[in-house]
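Per chain, numbering begins at 1; letters A, B, ... match sequence-line order. Scope of the values below: all heavy atoms of this structure, side chains included, with no hydrogens, waters or symmetry mates.
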Amino acid sequence: MYATFHDNPPPAPAERYLLQHIGDGRQFTIMLWDTEERARAAVPRADEIYEVLDDWYGPAAEQAAHAASIAVFEGPVSAAHFEAGMRDHEKRLKPASATAEGFIRGLLLWQPNARSVRMVATAASLETLEADSRAVYTTPLPPDEDPALIMAPDRVEVCRVLDHVPAA
Amino acid sequence: MDGVFVGRRRELAELGRRRSDAAEGRGGVVLVVGEAGIGKSALVERLIGDFGADGVPVLVGRAVLDEGMPAFWPWIRLLGAPAGAAHGLGQELLAVGRPAAFALAAAARFEMIDRTARALVVAATERGLLVVLEDLQWADEASLQLLRYLAGELPGSRLLLVGTFRDEGVPPLLTDVGGLGGVQLLRLRPLGVEEVAEYLSWVGAGEVHPSWPARVHRYSGGNALFVRELAQVLITERLLAAPAVELPVPVQLRRLVSHRLDGLSESCRRLLAGCAVYGEEVNVRVLEAEPEPLAEAVAAGVLVEDVAAPDRLRWSHALVRAAYYEDIPRAERLAWHRRLAEALATSGGKGRAVDSARHWLRVAVDQPSRRAAIAACGHAAQEAGDLLAFDDVAYWHGQALGLIEDDTERCQTLLALADAAYRGGQVAEALDWCAGAADLAEWLDRPDLLADAAIVVQGIGGPHATTVAQLCVRARDRLGEEDSARHARVLAQHALTMTINDIADADPVSRRALEMAERSGETDAIIDAVHARHQVVGGPDSVEERLSLGNRLREIAGTQDRPIAALWGHTWRIDAAFQLGAIQTVSSELVELEGLADRVGWPLARWHLLRGHASLALLAGRFDEAERLAESFRKIADRTQDLSAQGAFFVFHSLLWRRTGRPGDIREVLASLPESYVALAERIPVLMSVSAMLHLDGGDRDHAAVLFEGLRASIDGLPVNQRWTMIVTSTGELAAAFGDRDTAALCYRLLLPYGGYYDNQAAGCNGAVARTLGTLAAATDRLDDADRHFSTAATMERRIAALPHRALAQLAHAQALMSRGASGDRARALDLAEQAALTARRLGMAPAARAAAQLADELAGVRGGPVTLTRREHEITGLVATGLANREIAERLVVSERTVETHVSHVLGKLGLANRTQLTAWALRAGIRT
């Protein structure tokens with residue numbers, strides 16, 4: 001699966017989330033594509049396409065998403081950071097989010113050219129999003145993981161989910 | 001002279017002045033120099049009396065001529081004196097807990113010296129302290145190192161150190177001490193006729209014929225010892241009161257001494273024979289001396305009592321002992337040596353093993369005595385090893401070697417010799433011993449000894465590494481598939497030498513070493529294997545493994561008393577964390593390193609700590625702090641005489657200079673390169689790269705170009721180790737500066753995989769690799785890529801709050817955008833240049849601030865500059881920049897608002913600016929303040 005970000009989304013049939021920044025009210029859309037070709041047709045440049053490295057659901061998977069956070073790791077994420085980040089995702093963040101009340105869905109996105117990462121999390125409300133984030137990010141690192149290798153995101157964007165159109 | 005002291009008024013006055021200075025906290029060193037027998041000791045005795053009268057503690061130590069005396073001998077003696085113990089001193093100051101791992105013997109030795117010097121200074125705090133060291137011409141090197149170090153600590157203390165030495169055969173280190181600032185030399189001249197007359201009058205109770213002083217002066221040459229011995233003869237012969245005649249005895253000292261001994265009893269003469277064989281100092285308990293003959297020898301002035309040690313006597317003068325020793329018949333001499341050897345072997349105490357070995361060697365004439373001598377040499381070597389006196393260790397093993405007949409024992413002794421030579425810094429000699437041991441081990445078919453021969457010498461580069469590698473190959477051949485700690489250490493050693501020699505395939509060897517060492521569970525093998533592995537994986541790709549290896553050593557240090565493992569663990573992790581930009585990890589490792597440095601007191605640990613903090617300060621733009629810290633770690637490097645540490649200071653100093661432009665004269669920076677590195681700076685890539693950048697920034701493009709040529713030729717095949725990133729980034733920057741597009745493109749290709757890392761280390765921080773990628777992309781006209789890389793670099797620098805590097809990235813970014821000239825580029829470039837100028841100016845980065853301000857002016861279309869403004873215009877511009885309106889400026893300057901308007905208008909016109917906003921931006925980047 002692939003993901004693209006749009007201020008003005010194309011009318012192509014694809015799963016999409018319409019989001020609005022809490023801060024400045026700006027709206028944008030995340031579109032999810034089955035194939036790279038379809039994603040490629042939706043954006044002018046290849047380096048705007050994100051590979052979906054993971055797509056997972058939490059306890060509130062059946063609920064409608066009303067809030068989302070996007071943790072942005074600007075590129076280039078080094079090889080060492082990337083590998084440690086993937087381990088951290090698999091061993092700590094994903095298991096913690098999978099049991100966080102109110103957590104609906106997570107998407108781990110990777111842009112190979114810029115070597116940047118975005119982690120999208122959706123929740124039933126802003127309150128549960130906040131509680132989930134706290135629960136996930138305060139989970140201690142496994143003892144065999146080195147904190148020197150774990151990057152903090154450059155920024156975290158908090159959004160309302162205005163609309164979610166599931167895949168056809 | 002027999003308690004009688006004459007003359008030396010100038011010297012006494014000078015010593016009195018130094019005594020007062022020390023009492024007032026201006027301590028120092030006085031060295032009294034003169035020929036044998038001239039009266040140095042008598043002068044010092046007089047000084048000791050003066051200090052004693054003032055209630056100031058006095059500690060006295062003497063170096064002795066006897067061969068193989070332990071390192072620090074005079075210091076050991078004075079520290080162990082009761083007066084020392086009363087002031088918190090003791091011989092344990094010069095003891096080392098365990099043999100130092102890796103090649104840290106020098107650092108451990110320095111630590112002992114530092115600890116002892118500090119304890120002496122502290123001991124002097126309350127009542128002052130006089131330390132006397134006699135006969136320094138015979139002092140061992142370690143003792144002189146301590147003296148030299150202590151000399152630097154004395155100004156500001158209440159300690160006066162007085163040393164005496166003869167001016168023949170002076171060791172070079174003592175000459176160095178004499179040349180140190182604050183060390184005063186007092187040269188004793190021969191006594192004059194008046195002083196000889198004064199002495200004769202004293203000893204002759206005034207009944208001295210006036211013709212004798214001139215006669216005695218002529219015969220003695222004014223030498224105090226000769227005067228004393230001659231006077232003794234004249235008194236014995238009852239000649240002093242009569243007119244002078246030709247002297248009735250020969251004037252050679254030996255004969256004079258014999259003459260003096262003529263009157264002694266037979267038992268006293270026998271005892272003196274034992275004393276002469278014993279040495280300069282005599283322990284009467286070991287000698288089992290009867291009190292009567294002893295008292296007779298003291299009364300005759302041949303032996304002198306030591307107030308601080310009642311069981312010890314010394315010869316009144318070394319010349320007297322030498323003269324006496326020559327007259328002892330050989331058989332009697334040998335008998336005494338054997339008796340003393342046996343007595344000393346069982347008596348215990350510091351230095352006794354050495355004494356015993358010394359005597360055993362003199363009587364090793366048959367099988368049993370040879371075995372005894374070999375064993376005694378082993379004990380003496382062990383005692384020297386405890387003091388880290390590796391020259392002495394080698395000496396005693398060398399003595400034993402000549403007596404050993406068994407090949408296995410011979411091989412083991414060769415290995416011990418190699419180890420001592422290596423730890424004493426004699427690498428070539430150590431490898432010769434290793435080769436000899438390896439030959440013997442092969443002949444004996446002893447793979448274990450062959451393995452030992454391969455691992456004695458560690459961490460050595462150059463041609464020696466090839467020799468070590470050959471020893472490893474031989475050992476591995478015999479060890480075969482043996483799975484052992486020993487084999488693991490050989491593999492680790494082999495991997496290390498392969499890395500040092502830039503031989504490929506070290507990776508599987510080091511991996512196998514580590515696996516085997518872990519299986520063996522033996523700590524030393526694991527430490528060696530981890531160390532080798534760390535060297536092998538030094539490149540930027542392996543940062544994760546280096547962190548993990550550092551952790552492994554920390555684990556070992558946490559469970560076993562291995563501070564060296566902790567030290568390497570912290571320093572490796574600090575370097576790796578710098579590469580990752582994990583500043584929080586750098587800080588937490590530094591906190592732990594500080595705890596370690598406080599605990600073990602090693603200068604090396606302190607040096608790493610200061611270097612790490614200095615790098616953090618440099619990274620954050622706290623340049624004054626970085627400079628202070630760098631100065632502190634430079635002092636440690638100078639004091640420990642550690643060349644690589646001095647080289648590291650040069651690298652750091654260069655980076656600091658490139659950021660701040662301080663000091664103004666680049667020659668000061670170049671002068672910080674150790675002299676022995678000057679030639680290497682033109683050959684070793686990492687130094688070439690630092691030096692080339694220094695010359696480039698300093699305006700010497702020709703020199704930079706020469707160095708760049710050398711770097712360019714080797715860049716493609718450069719071994720990927722810890723220095724690789726710094727060398728390639730510098731070579732790339734040089735290529736960009738010299739317009740060498742091919743090399744720039746090559747460096748770009750090499751560095752591209754590492755764009756997410758920093759070229760930061762504890763040795764100095766150079767910022768995100770992405771900035772160099774931007775520069776290289778711009779140099780090869782890939783301006784869109786340059787735009788992207790510079791943006792990335794600024795983001796990465798912001799992430800770790802590295803403001804100086806962010807300013808440099810912004811400046812380079814602005815230049816690239818100006819070159820590209822696409823729509824909106826000029827405005828972005830101006831914005832970036834202004835930000836760079838403001839940051840650089842605020843932090844004190846003069847070169848970058850100037851360049852950024854010039855670029856911003858150019859982009860803003862500013863004409864002229866601050867020099868085109870009048871003083872009033874300058875003042876008003878500064879007030880505009882603070883945000884004041886014209887009316888407020890007018891009120892402040894007590895002029896009309898109209899006048900202010902006119903000035904502002906003129907300024908705008910002169911500079912070619914359109915409005916107050918532009919003027920404010922210009923004033924800020926030009927550094928114009930009210």
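Residues A:V161 and A:L18 are not in side-chain contact: their nearest non-hydrogen atoms beyond the backbone lie 4.5 Å or more apart.
No side-chain donor-acceptor contact under 3.5 Å links B:T839 to the backbone of B:A836.
The distance from the CD atom of B:E594 to the NE2 atom of B:H613 is 5.5 Å, given to the nearest 0.5 Å. Taken from CG in B:L783 to CG in B:D781, the straight-line distance is 6.0 Å, to the nearest 0.5 Å.
In this structure, A:F5 and A:F28 have parallel ring planes: the angle between them is below the 30° cut-off, well short of the 60° mark.
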Any idea which donor-acceptor pairs are under 3.5 Å between chain B and chain A?
unit_1, atom_1, unit_2, atom_2, d
B:E544, OE2, A:R87, NH1, 3.0
B:E544, OE2, A:R87, NH2, 2.6
B:R573, NH1, A:D146, OD2, 2.6
B:R573, NH2, A:D146, OD1, 3.0
B:R573, NH2, A:D146, OD2, 3.3
B:Y757, OH, A:A80, N, 3.1
B:R799, NE, A:D154, OD1, 2.6
B:R799, NH2, A:E74, O, 3.2
B:R799, NH2, A:D154, OD1, 3.2
B:R799, NH2, A:D154, OD2, 2.6

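Residues passing the side-chain hydrogen bond (donor to acceptor under 3.5 Å, both in side chains) test with B:S615, sequence neighbours excluded: none.
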